[in-house]
Structures are given as C-alpha cells and as structure tokens.
Asker: 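Attaching a single structure in structure tokens format; questions to follow.
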Amino acid sequence: MSEIAYNVLNNQFLLDLGAWLGLPLSIVLLILFSLKGNRDERGWKIIGKASIITFLYFFIAVNAIASITGSAPFFSGTNFVRYANTIQWLYNSVILVEISAILVLKRFE
C-alpha cells in the first residue's frame with residue numbers, strides 16, 4: 001500500500017492534472033459565490049453552512065495527512081512533487097466539498 005501511495009504522490013502528471021483541475025473548480029466556486037441568488041440572506045446562510053462543513057472536512061483531512069506523513073517512511077526527505085501533490089489534491093478536494101455542500105444545501109433549503 002505504501003508503494004502505491006509513494007508512486008501516486010511522486011507522479012508529475014498527477015500534479016499537473018491536479019493543477020489544471022483546480023482552476024475550473026476555483027472558477028465554479030467563485031461563480032457560486034457571486035450569483036445573484038447567493039447575495040441575499042438565504043444565500044449567505046447556505047454559504048456559511050457549506051463553509052463550516054468544508055472547514056470540518058479540511059480539519060480532519062489535514063490531521064490525517066499529518067499523521068500519515070509523520071509515520072510513513074517514504075515521506076522522509078524533501079521532494080517537491082510529493083508535497084505539491086499532497087497540497088494540490090487537498091485543495092481540490094476542499095473546493096469540491098464546498099461546491100457540493102452549496103449545491104446540496106441549495107436543494108434542501
């Protein structure tokens with residue numbers, strides 16, 4: 001299992017893919033923030049709830065990554081691609097959780 005994680009996190013192609021995927025996700029999130037329907041009291045309430053959900057996800061994910069990197073032998077030493085991959089995919093997943101939470105909360109509220 002650790003060999004698979006090592007190969008995935010040291011893959012330059014996945015780093016580039018994550019960077020290119022992060023751009024449209026960020027744009028979609030900015031569009032969701034700036035929609036006219038999200039600028040009223042109901043919209044701010046939905047964005048606030050989605051942000052709390054996203055913060056909780058981020059808190060859990062960062063602590064999980066910290067515990068894994070502290071105990072995994074392949075994280076010793078500095079490798080730009082490995083750390084950049086970890087941060088890029090964490091960013092992408094946080095943005096995806098925020099977008100999903102906004103869309104789900106809009107549906108139910």
Side-chain angles (χ1 to χ4, degrees):
M1 182 65 173
S2 65
E3 174 126 1
I4 293 170
Y6 179 81
N7 291 333
V8 167
L9 291 175
N10 285 316
N11 191 333
Q12 181 68 39
F13 174 74
L14 287 178
L15 177 60
D16 295 339
L17 178 67
W20 283 106
L21 187 63
L23 183 64
L25 286 174
S26 299
I27 291 171
V28 167
L29 184 62
L30 290 173
I31 290 170
L32 283 174
F33 282 162
S34 63
L35 286 175
K36 185 173 180 155
N38 289 342
R39 286 186 270 154
D40 60 356
E41 186 176 317
R42 178 181 171 267
W44 285 115
K45 181 178 162 187
I46 289 171
I47 289 174
K49 286 180 182 177
S51 296
I52 290 170
I53 292 168
T54 304
F55 173 75
L56 292 174
Y57 166 77
F58 177 75
F59 184 77
I60 292 168
V62 165
N63 283 303
I65 290 170
S67 68
I68 290 169
T69 58
S71 63
F74 62 84
F75 273 100
S76 62
T78 304
N79 183 345
F80 167 76
V81 174
R82 183 174 35 228
Y83 288 112
N85 247 333
T86 304
I87 292 168
Q88 181 64 52
W89 286 100
L90 177 64
Y91 172 78
N92 289 347
S93 67
V94 165
I95 295 295
L96 196 58
V97 167
E98 180 82 19
I99 291 169
S100 302
I102 288 173
L103 294 177
V104 167
L105 289 170
K106 268 187 157 183
R107 186 88 163 162
F108 290 114
E109 289 194 15

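Below, all heavy atoms of this structure are taken into account, side chains as well, without hydrogens, waters or symmetry copies. From a predicted model like this one, the values you see are computed outputs, not experimental measurements.
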Asker: With sequence neighbours left out, what residues match V97 under side-chain contact (heavy atoms from CB on, under 4.5 Å)?
Answerer: I53, T54, Y57
Asker: How close do D40 and G43 get, heavy atom to heavy atom, and via which atoms?
Answerer: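 Minimum heavy-atom contact is OD1-N, 2.8 Å.
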Asker: Between side-chain atoms of residues 45-52 and protein atoms elsewhere (two or more places apart, or another chain), which donor-acceptor pairs fall under 3.5 Å?
Answerer:
residue : atom : partner : partner atom : Å
K49     : NZ   : E109    : OE2          : 2.6
S51     : OG   : I47     : O            : 2.9
S51     : OG   : E98     : OE2          : 3.2

Asker: Do any side-chain atoms of residues 15-32 form donor-acceptor pairs under 3.5 angstrom with protein atoms, and if so which ones, sequence neighbours left out?
Answerer:
residue : atom : partner : partner atom : Å
D16     : OD1  : Q12     : NE2          : 3.2
S26     : OG   : G22     : O            : 2.8
S26     : OG   : Y91     : OH           : 2.5

Asker: Are any side-chain N or O atoms of W89 and backbone N or O atoms of A84, one a donor and one an acceptor, separated by less than 3.5 Å?
Answerer: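 Not a single qualifying donor-acceptor pair exists.
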Asker: Apart from F108 itself, what residues make up its hydrophobic cluster, given side-chain heavy atom links below 4.5 Å?
Answerer: V104
Asker: At their closest point, which heavy atom of R42 faces which heavy atom of K106, and how far apart are they?
Answerer: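 That would be NH2-O, 3.5 Å.
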Asker: When clusters are formed by joining ILVMFWY residues with side-chain heavy atoms under 4.5 Å apart, either directly or through shared neighbours, do L103 and L35 land in the same one?
Answerer: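 Per the 4.5 Å side-chain linkage, L103 and L35 are co-clustered.
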Asker: Sequence neighbours excluded, which residues qualify as side-chain contact (heavy atoms from CB on, under 4.5 Å) partners of I60?
Answerer: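 side-chain contact (heavy atoms from CB on, under 4.5 Å) check on I60 returns nothing, list empty.
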Asker: How would you list, by chain and number, every residue that makes a side-chain hydrogen bond (donor to acceptor under 3.5 Å, both in side chains) with N11, sequence neighbours excluded?
Answerer: none
Asker: Nearest 0.5 angstrom please: I102 CD1 to F33 CZ, how far?
Answerer: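 Interatomic distance, I102 CD1 to F33 CZ, rounded to 0.5 Å: 5.0 Å.
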Asker: Under 4.5 Å between any side-chain heavy atoms of S93 and L90, yes or no?
Answerer: yes
